[in-house]
J.: 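I have a structure here, written as structure tokens, and I will follow up with some questions on it.
From a predicted model like this one, the values you see are computed outputs, not experimental measurements. Both backbone and side-chain heavy atoms feed into the values below; hydrogens, waters and symmetry mates do not. Indexing begins at 1, ligand by ligand and atom by atom, following the structure's order.
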Amino acid sequence: MSQTISLTEFANRLQQLAAQAQADNSADWSTKYLGKKGLFKQISADIRAVNDKKAAGQALNDLKSRLEAIAAQKNVATVTAPPTPALDFTLPAADTPVGHLHPVSQMIEQITDIFGRLGFIRVRHPELDDDENVFGRLNMAPGHPARDEWETFFVHHPGTPGHQHIRWVMTPHTSNGQVHEMLRLGKPPIRMINIARTYRRQQDVTHTQMFHQFEGLMVDKDVNITHLKGVLDYFAREFYGPDSRSRIRPFHFQFTEPSFEIDFSCHFCHGTGQTDNGDKCKFCKSGWHEVGGAGMVHPHVLQACGLDPTQYTGFAFGWGIERTYTLQDNIDVPDIRNFYNGNLEFLQQF
Ligand code: PHE
């Protein structure tokens, strides 16, 4: 077992060494006291046996300064090797860098949690799917011009025996999840959140060919637009903060009627469109940010998915996850492709 040395004893030893060094005039003074294997180095090692490391470390630092002062007085060259910084045993250890979940995964967890509190259950539906689920049952028959709005990747596949009729596409939106969920459950109540990767033939600072969307769907008896609005306002408050609001504006989608675009109030100007001194808000210009689409599920869609549109109604909404980050005031996304190029400096801000 190693012996412990009391702080007083340790301090005495340092004191003695200082006195010895003061009296010593030998030619190798510098190496002897301050050299790599010199007496200071040796006595420093004894700190291991002292309990009060903080005080002992301080005493060692004092001795080091004292020896340096003596060296200066004796006019000896102390610098034989590059100076090593004085040891400070009281400093906390260096932090080890710790990673974290990718921002998209973080957002998926957050979204799942927020809608989960309203009873929407997260489901997973295919990202490579039949054209029929991506467009056909969503009221866009083959050749329908509305299909052009989705910059779709079509996949040439000879077909699996028995499934030659399938025309494969990489899902350009998560709305195919609506179809799958209605067909899977067969009857309401339905409350789902489908979060998945989506693919479009677009690439620039605001688009990546692969990105994420989430899709909400609620179908039941007597579901109406006020329910949709309530859910969107709830999301705005929970996600962006208590004074955030949502707004829906008339729009067109083939699979919803009526259809809307969804805006959220700007967090810089709180929806006023102006800064405190009356200038136009640079971030939003109008007080609102457009994020996604929504609407009441079109009766044709309910029917194509096996539900009776005279009995049931529903709403759906959906938008991109990466884009949602670009609207957060404390996050800087100069180029949306940064989410996927492994740039740690960018990722560390999340
Ligand atoms: N799928 C639409 C899009 O990709 C968004 C949407 C979802 C619209 C649900 C209405 C209802 O833009």
Side-chain angles (χ1 to χ4, degrees), residues 111 115 118 120 122-123 125-140 144-153 169-183 190-202 206-220 223-232 235 246-264 289-305 307 309 312-324 326-327 336:
I111 288 169
F115 288 107
L118 294 177
F120 286 78
R122 184 178 177 199
V123 292
H125 288 302
E127 294 165 7
L128 182 63
D129 203 357
D130 188 347
D131 176 294
E132 186 59 15
N133 298 325
V134 175
F135 295 116
R137 293 193 167 95
L138 290 172
N139 205 21
M140 290 177 272
H144 195 288
R147 287 175 169 228
D148 293 349
E149 287 161 31
W150 284 270
E151 303 269 330
T152 312
F153 285 109
V169 297
M170 313 264 286
T171 51
H173 60 172
T174 41
S175 298
N176 67 321
Q178 297 182 32
V179 174
H180 281 279
E181 193 66 357
M182 287 188 261
L183 291 174
I190 297 173
R191 262 180 294 178
M192 71 139 205
I193 282 287
N194 172 39
I195 310 179
R197 276 177 283 263
T198 42
Y199 307 85
R200 289 190 197 179
R201 289 184 289 108
Q202 276 182 318
T206 53
H207 296 93
T208 45
Q209 291 174 322
M210 188 280 295
F211 59 106
H212 294 73
Q213 276 196 347
F214 66 97
E215 184 94 8
L217 171 73
M218 175 166 179
V219 186
D220 208 340
V223 174
N224 61 47
I225 296 173
T226 61
H227 298 126
L228 167 65
K229 184 68 169 69
V231 167
L232 295 174
F235 178 81
S246 74
R247 177 172 83 169
I248 51 180
R249 282 177 292 106
F251 197 67
H252 173 263
F253 293 105
Q254 270 300 116
F255 37 95
T256 44
E257 180 58 37
S259 302
F260 310 103
E261 269 190 325
I262 308 168
D263 299 341
F264 286 115
H289 294 285
E290 187 249 309
V291 292
M296 299 305 293
V297 182
H298 197 291
H300 289 180
V301 176
L302 290 172
Q303 208 149 26
C305 299
L307 302 184
Y312 299 112
T313 48
F315 63 77
F317 57 86
W319 63 91
I321 288 191
E322 290 83 348
R323 175 161 165 69
T324 311
T326 65
L327 307 179
I336 210 158

J.: Distance-only, no hydrogens or angles: does the Arg249 side chain make a donor-acceptor pair with backbone N or O of Glu261 under 3.5 Å?
T.: no

J.: Anything under 3.5 Å between an N or O on ligand 1 and a protein N or O? List each pair with its distance, or write none.
T.:
unit_1, atom_1, unit_2, atom_2, d
ligand 1, 1 (N), His173, ND1, 3.0
ligand 1, 1 (N), Ser175, OG, 2.9
ligand 1, 4 (O), Trp150, NE1, 3.4
ligand 1, 4 (O), Arg200, NH2, 3.0
ligand 1, 4 (O), Gln213, NE2, 3.2

J.: Are any of the side-chain heavy atoms of Ile195 and Ile321 separated by less than 4.5 Å?
T.: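 Contact flag for Ile195/Ile321 side chains = yes.
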
J.: Verify, without hydrogens or angle tests, whether Arg191 (side chain) and Leu118 (backbone) share a donor-acceptor contact under 3.5 angstrom.
T.: yes

J.: Can you sort out the partners of Ser175 under side-chain contact (heavy atoms from CB on, under 4.5 Å), two or more places apart, ordered by chain and number?
T.: Leu138, His173, Gln178, Glu215, Phe255

J.: After noting the C-alpha distance and the side-chain angles of Phe235 and Phe120, does the key distance pass the ring pair (Phe, Tyr, Trp, His ring centres under 6.0 Å) rule?
T.: CA-CA 12 Å; Phe235 178 81; Phe120 286 78; over 10 Å; no

J.: What orientation do Phe315 and Phe317 show, parallel under 30°, tilted 30 to 60°, or perpendicular over 60°?
T.: parallel

